[in-house]
Amino acid sequence: MTSDHSADAASHPEVAKPLDFIRQIVEADRAAGKHAGRVHTRFPPEPNGYLHIGHAKSICLNFGIARDYNGKCNLRFDDTNPETEETEYVEAIKEDVRWLGFQWDGEVKFASDIFPTLYEYAIRLIKAGKAYVCDLTAEETGAYRGKWNEPGRNSPYRDRSVEENLDLFERMKNGEFKNGEKTLRAKIDMASPNMNLRDPAMYRIRHAAHHRTGNKWCIYPTYDWTHGQNDSVEGITHSICTLEFEQHRPLYDWCIENLGIHHPQQIEFARLNLTHTVMSKRRLLELVRGGLVDGWDDPRMPTICGLRRRGYTPESLRNFCARIGVTKANSLTDLGVLEQEVREHLNAVAPRVMAVLRPIKVVLENYPAGQVELREAVNNPEDPAAGVRQIPFGRELYIDAEDFMEHPPKGYFRLFPGNEVRLRYGYFIKCHEVVKNEAGEVTELRCTYDPESSGGQAPDGRKVKGTIHWVAANGAIDAEVRMYDVLLTRENPGDTPEGADWKADLNPHSLEVLRGCKLESSLADARPGDRFQFERTGYFCVDSKDSQPGQLVFNRTVTLKDSWAKEKKKA
RNA sequence: UGCCCGGUGGUGUAAUGGUAACACUACGGAUUUUGGUUCCGUCAUUCUUGGUUCGAAUCCAAGCCGGGUAACCA
């Protein structure tokens with residue numbers, strides 16, 4: 001087994017690091033020859049909402065294991081509840097999985113594909129005396145189920161004959177009964193300490209159109225009666241799900257064993273929690289329906305489509321999932337880990353560009369009026385192959401308001417009266433005069449430049465501490481830039497006090513829209529989805545929804561690390 | 001209240017009876033035409049109490065703490 005492991009590690013460098021506990025199980029199963037060494041997983045979303053970063057963890061796990069062990073991974077929609085599920089979500093989910101970089105095995109699967117099989121299986125259980133039709137209402141069923149510390153009571157319908165059950169079940173299917181009038185239940189143990197084994201429902205009556213089967217069925221199988229059999233039929237070997245299904249596992253196993261069919265192994269892991277982030281579909285839906293965000297793909301949403309629109313790359317999401325690991329321990333991952341991951345990827349691949357977000361005009365009094373020269377700028381210092389570009393320089397420029405202070409604190413080495421700084425790829429400049437408007441705001445700086453410092457080095461060898469970015473006024477592009485911050489101020493939204501509204505923690509500053517930002521002219525051709533580093537500021541991408549040629553809109557993906565901001569905070 | 005599952009630096013994980021380690025964060029420093037990147041360094045960890053053992057993060061027991069669980073949701 002040791003040699004097997006190293007062979008795998010050699011052919012799959014990404015699994016060379018210590019294996020998570022699920023991969024350990026998979027390797028042990030392979031070594032033992034279980035399922036003839038075959039590995040087949042599945043990702044089983046319910047099509048009733050959009051995928052989020054927590055799903056990405058599951059996707060990376062399931063598809064990743066299939067890839068690592070030359071196995072397969074199915075994409076299967078768990079569409080057993082016609083009342084909440086819609087085709088709209090199916091398409092969005094497929095797109096998100098593909099965008100993340102994964103391809104499912106064969107056709108997309110649906111739980112509804114096996115409705116006929118499930119029906120046959122149910123008849124098998126009825127014939128074996130292991131399932132019965134129950135007339136109890138939902139409320140009554142709850143009462144009969146008992147409490148945690150007291151056993152339930154048998155349903156008065158529990159001992160119907162096989163013939164009667166068969167007849168009733170068929171009539172349920174034929175639509176002879178109203179919603180909720182009858183259920184088909186597994187006959188297990190009303191005294192089980194595990195509530196899931198107290199005669200769980202297998203079928204309920206719902207006269208509702210299903211997004212795929214239309215009105216063909218009016219009885220629908222429950223999750224518990226569907227999932228394991230679906231795994232079995234698809235030949236799944238390892239059925240990976242989240243912790244809350246752990247106490248369903250005995251039921252999962254019971255169904256399969258009593259049917260005598262292929263037995264996949266259910267394995268549970270802890271779902272992802274992120275600081276400042278809500279992940280439940282209910283809450284996400286609340287944000288969307290309440291108009292608190294701009295839809296499922298609002299760049300502040302933790303949805304895959306939101307992160308995509310925000311500028312996250314599939315690589316960064318996959319790397320994130322690899323970094324956080326897989327365990328059974330509940331945890332809360334710092335959002336900073338996700339942000340660091342996207343910085344790391346974008347640092348390597350994003351072209352650098354100069355953009356002034358909050359412009360202040362700078363006039364170089366000793367620079368010839370009307371003169372324009374081109375300066376050479378490096379596109380990506382991390383990637384020499386990215387080459388260089390020419391950017392215009394002139395007498396009038398914009399710099400960022402943050403790069404000038406009239407009365408700077410100690411340690412500030414950007415521009416202030418009397419101080420000399422370097423304009424990146426340009427010249428040294430010195431500020432002599434501050435022009436303000438009536439409100440006392442700085443509107444213009446009168447500066448001089450040192451013609452000898454062309455290229456950013458002074459021949460006399462004098463040094464400047466600060467280098468700031470700039471955009472020539474002439475030819476600058478105007479753009480809108482959306483500065484995003486966390487959606488929730490509370491670090492752990494799970495800590496919202498009982499009875500309190502979690503939405504009270506919504507961050508009122510989660511979006512700041514900046515208009516009239518000045519961008520270097522090379523950005524004129526930027527296309528939706530293009531990602532850049534705005535030098536010294538952060539990573540930004542062209543919004544895929546609202547940006548237009550000539551009216552560009554950028555989203556801030558993440559800031560650059562900022563040790564000066566940290567310094568200021570300390571003071 | 002019953003049952004199930006967890007508990008390792010601030011955070012996320014590793015160590016699978018044999019020197020508690022890695023990453024992130026934080027803090028310090030070097031380099032730097034991005035206060036970015038990169039590099040070097042520092043701080044800091046086995047929930048408690050017993051038991052088994054030459055030896056326990058690891059096995060056992062009890063306790064404590066956290067999570068899940070009583071849809072005809074998934």
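Excluded from the calculations below are hydrogen atoms, water molecules and symmetry mates; all remaining heavy atoms, backbone and side chain alike, are included. Chain A is the first sequence line, chain B the second, and so forth, proteins listed ahead of strands; every chain is numbered from 1.
- One interatomic measurement links the two molecules: CG of D562(A) to C1' of U37(B), which rounds to 14 Å at whole-angstrom precision.
- In this structure, E402(A) has no salt bridge (charged side-chain N to carboxylate O under 4.0 Å, His left out) partners at least two apart in sequence or on a different chain.
- E181(A) is linked by a salt bridge (charged side-chain N to carboxylate O under 4.0 Å, His left out) to nothing, counting only residues two or more places apart in sequence or in another chain.
- Scanning for ring-ring contact (aromatic ring centres under 6.0 Å, His included) contacts around F245(A) gives Y223(A), H248(A), with sequence neighbours left out.
- For G35(B), the base has a donor-acceptor partner in the side chain of R414(A) [N/O atoms by modelled type, under 3.5 angstrom].
- In this structure, H210(A) and F115(A) have perpendicular ring planes: the angle between them is above 60°, well past the 30° mark.
- The base-pairing partner of C39(B), taking Watson-Crick or G-U wobble contacts with both distances under 3.5 Å, is G29(B).
- Rounded to a whole angstrom, the distance from the P atom of C65(B) to that of U16(B) is 31 Å.
- A donor and an acceptor atom sit less than 3.5 Å apart, one in the side chain of R352(A) and one in the base of U34(B).
- Phosphate contact (OP1/OP2 of G36(B), side-chain N/O of S563(A), threshold under 4.0 Å): present.
- Among pairs with a residue in residues 41-54 of chain A, those fulfilling salt bridge (Lys or Arg N to Asp or Glu O under 4.0 Å) read R42(A)-D231(A), at least two apart in sequence or across chains.
- Using Watson-Crick or G-U wobble geometry with both donor-acceptor distances under 3.5 Å, A15(B) finds no partner in any strand shown.
- The base-pairing partner of G50(B), taking Watson-Crick or G-U wobble contacts with both distances under 3.5 Å, is C60(B).
- Residue R204(A) places at least one side-chain N or O under 4.0 Å from the OP1 or OP2 atom of C73(B).
- Taking the C1' atom of each, C24(B) and G17(B) are spaced 31 Å apart, rounded to whole Å.
- Checked by atom type and distance alone, the side chain of S453(A) never pairs as donor or acceptor with a backbone atom of G456(A) at under 3.5 Å.
- In this model, the phosphate group of C72(B) is not approached by any side-chain N or O of T141(A) to a distance below 4.0 Å at OP1 or OP2.
- In this structure, R206(A) reaches the C73(B) phosphate: one of its side-chain N or O atoms is under 4.0 Å from OP1 or OP2.
- In summary, the aromatic rings of F540(A) and F554(A) are positioned with their centroids too far apart to meet the 6.0 Å limit.
- Straight-line distance between the P atoms of U8(B) and A57(B): roughly 15 Å, to the nearest whole Å.
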List the atom pairs, donor and acceptor, that lie under 3.5 Å between side-chain atoms in residues 143-156 of chain A and the rest of the protein, sequence neighbours left out.
from: S155(A); atom 1: OG; to: Y157(A); atom 2: N; distance (Å): 3.0

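- Annotation: U49(B) and A44(B) have their C1' atoms spaced 25 Å apart (nearest Å).
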Check: protein-nucleotides 57-60 of chain B nitrogen or oxygen pairs below 3.5 Å:
none

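- Here the C1' atom of nucleotide U34(B) and the CH2 atom of W470(A) are 14 Å apart, to the nearest Å.
- Note on K465(A) versus E420(A): no salt bridge recorded, every NZ/NE/NH1/NH2 to OD/OE distance being 4.0 Å or above.
- Closest to the side chain of E535(A), from the set U16(B), A14(B), U34(B), is U34(B).
- With a cut-off of 3.5 Å on both Watson-Crick or G-U wobble distances, the partner of G66(B) is given as C5(B).
- Residue-level contact check: T537(A) touches neither bases nor backbone, having no heavy atom under 4.0 Å from any strand.
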Scan nucleotides 21-31 of chain B nucleotide by nucleotide, 5' to 3', and note B when protein non-hydrogen atoms come under 4.0 Å of the base, S if they reach only the sugar-phosphate, - if neither.
--SSSSSS---

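- Side-chain to base pairing of N149(A) with U1(B): one donor and one acceptor N or O lie within less than 3.5 Å of each other.
- Contacts between residues 242-256 of chain A and RNA chain B, defined by a heavy-atom separation under 4.0 Å, are made by E244(A), F245(A), E246(A), Q247(A), H248(A).
- In this structure, A70(B) shows a glycosidic angle more than 90 degrees from zero, which is the anti conformation.
- Annotation: salt bridge (Lys or Arg N to Asp or Glu O under 4.0 Å) contacts involving residues 316-336 of chain A, sequence neighbours excluded, comprise E246(A)-K328(A), E268(A)-K328(A), R323(A)-E341(A).
- Evaluation of the salt bridge (charged side-chain N to carboxylate O under 4.0 Å, His left out) rule for E373(A) yields R375(A) as partners, not counting sequence neighbours.
- OP1 or OP2 of G35(B) lies within a sub-4.0 Å distance of a side-chain N or O belonging to R536(A).
- For the side chain to side chain contact (heavy atoms under 4.5 Å, CB included) test, residues two or more places apart in sequence or in another chain that qualify with L560(A) are Q533(A), Y539(A).
- Evaluation of the salt bridge (charged side-chain N to carboxylate O under 4.0 Å, His left out) rule for D199(A) yields R158(A) as partners, not counting sequence neighbours.
- Under 4.0 angstrom from either OP1 or OP2 of C73(B) there lies no side-chain N or O belonging to T222(A).
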